[in-house]
Amino acid sequence: MPSILFKPLPCFAAGFLLAGLAWAGALAYVRNKPVPNAIFTQSIVEPKLKAADTAPADSPTLYLTGGSNVLFGIDSVQFTASSELNSVNFGCAAGMGPELILYLLKPRLKRGDIVAMFWEYGHYTFTRSGEVNLTYLNLVFGPQSDFRHTLPFLDRARLALSLPGSHLRDATFLALNPYANSEIYRCAWDIDALGNARINEGRKVSREKLLEQPNELLLRPLNITSDSRTIFTDFIHDCRENGIAVIASWPNLHFHPNYAENPIVSANLARIKAFWNDLEVPVAGEWKEACFEARHAYDTPYHPNAKGRALRTSRLVETLTPLLSDPGAFAVPPVP
């Protein structure tokens, strides 16, 4: 009887091994064959990298960093004109996650630069390999696959197991179909030489729709994940070792009535501020300074329109100027 029970085990082990090898081979095949979502997001990243690569080499640059709340909501051209400090809008797609955004930015920083971070609230709950965002998966198994190999082995393994079969299907279709033109999936936004999106004129979302879309992360207790803590702590440590200053601030967000006088919201904001204070990173301004009214919304609660962006940038210049002019505001080592 025992011999009968154990006969299937070698077959099961062999099948498991073959399935694993087939999956690994499929991932290797689509390594540089992106899906439409990755093509779209990468076409946002490319002008950001170009803007950072062409920043002046002989003077400090302020990098305005975060997700699309920065892409749409802060004008680096206006900021530079008002503050006389070189600035680049390095706001990317929020779904990329903070680690990938900082991975792309870090090699482009030089001593004396300043990184001002405006992370969406979801970035504080980011996990490398938990319930990962599809945009993140599509990128790290496509045009940003080099980044994936910098992650710990277990995270790489979990990501590989999280990748949906639709990614392999779409990547293979684009690679093999002679009539498929991947260029049609590229971002059609007008992104200028300093990284700002220039399409957010007027309004595309109604006040009624905004009222249906409060930020749920702010309305329930927000716990900063260990991955987020590690990502931000390591980045700040590297910046300080290389003479680069770091500032934290708040993301642009439509002010929903449910946030007013809400103890959970207040506790979440205090938790975020305490996190940066523990890392000795100055927090610029108050969170309401980054909030905008419905008339200044563009298409989502995180995206102000052009008028809202101009107002937000003016406020930000006033908020950051005292910090930027105070040499003692940052824990940055002296030039050796």
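The structure presented is a predicted model; accordingly, all values stated were derived computationally and were not measured.
Side chains of N69 and H303: a donor-acceptor N/O pair is absent below 3.5 angstrom, by distance only.
Here the closest heavy-atom approach between residue G202 and residue Y298 is recorded as O-CD1, 3.9 Å. Contact detail for P304 and N252: the closest heavy-atom pair is CD-CB, 4.2 Å.
Less than 6.0 angstrom separates the ring centroid of F147 from the ring centroid of Y103. Between W119 and F126, the distance separating the two ring centers is not shorter than 6.0 angstrom.
The salt bridge (charged side-chain N to carboxylate O under 4.0 Å, His left out) check on K110 picks up D113, with sequence neighbours excluded. Among residues two or more places apart in sequence or in another chain, the side chain to side chain donor-acceptor pair (under 3.5 Å) test is passed with S76 by N196. Under the side-chain contact (heavy atoms from CB on, under 4.5 Å) criterion, D170 pairs with V35, P36, sequence neighbours left out.
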* To do: May I have the step-by-step check of side-chain hydrogen bond (donor to acceptor under 3.5 Å, both in side chains) for N305 and K204, ending in yes or no?
  => CA-CA 9 Å; N305 58 23; K204 294 181 68 174; over 6 Å; no
Atom pairs and distances, donor-acceptor, side-chain atoms in residues 207-221, under 3.5 Å, two or more places apart:
unit_1: N215; atom_1: OD1; unit_2: L217; atom_2: N; d: 3.0
unit_1: N215; atom_1: OD1; unit_2: L218; atom_2: N; d: 3.3
unit_1: N215; atom_1: ND2; unit_2: Y302; atom_2: OH; d: 2.9

For residues 284-292, which side-chain N or O atoms pair as donor and acceptor with protein atoms under 3.5 Å away, sequence neighbours left out?
unit_1: E289; atom_1: OE1; unit_2: T319; atom_2: OG1; d: 3.1

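Judged as a salt bridge (Lys or Arg N to Asp or Glu O under 4.0 Å), the pairs with a partner in residues 188-203 (not counting sequence neighbours) are, in order, D75-R198, D192-R198.
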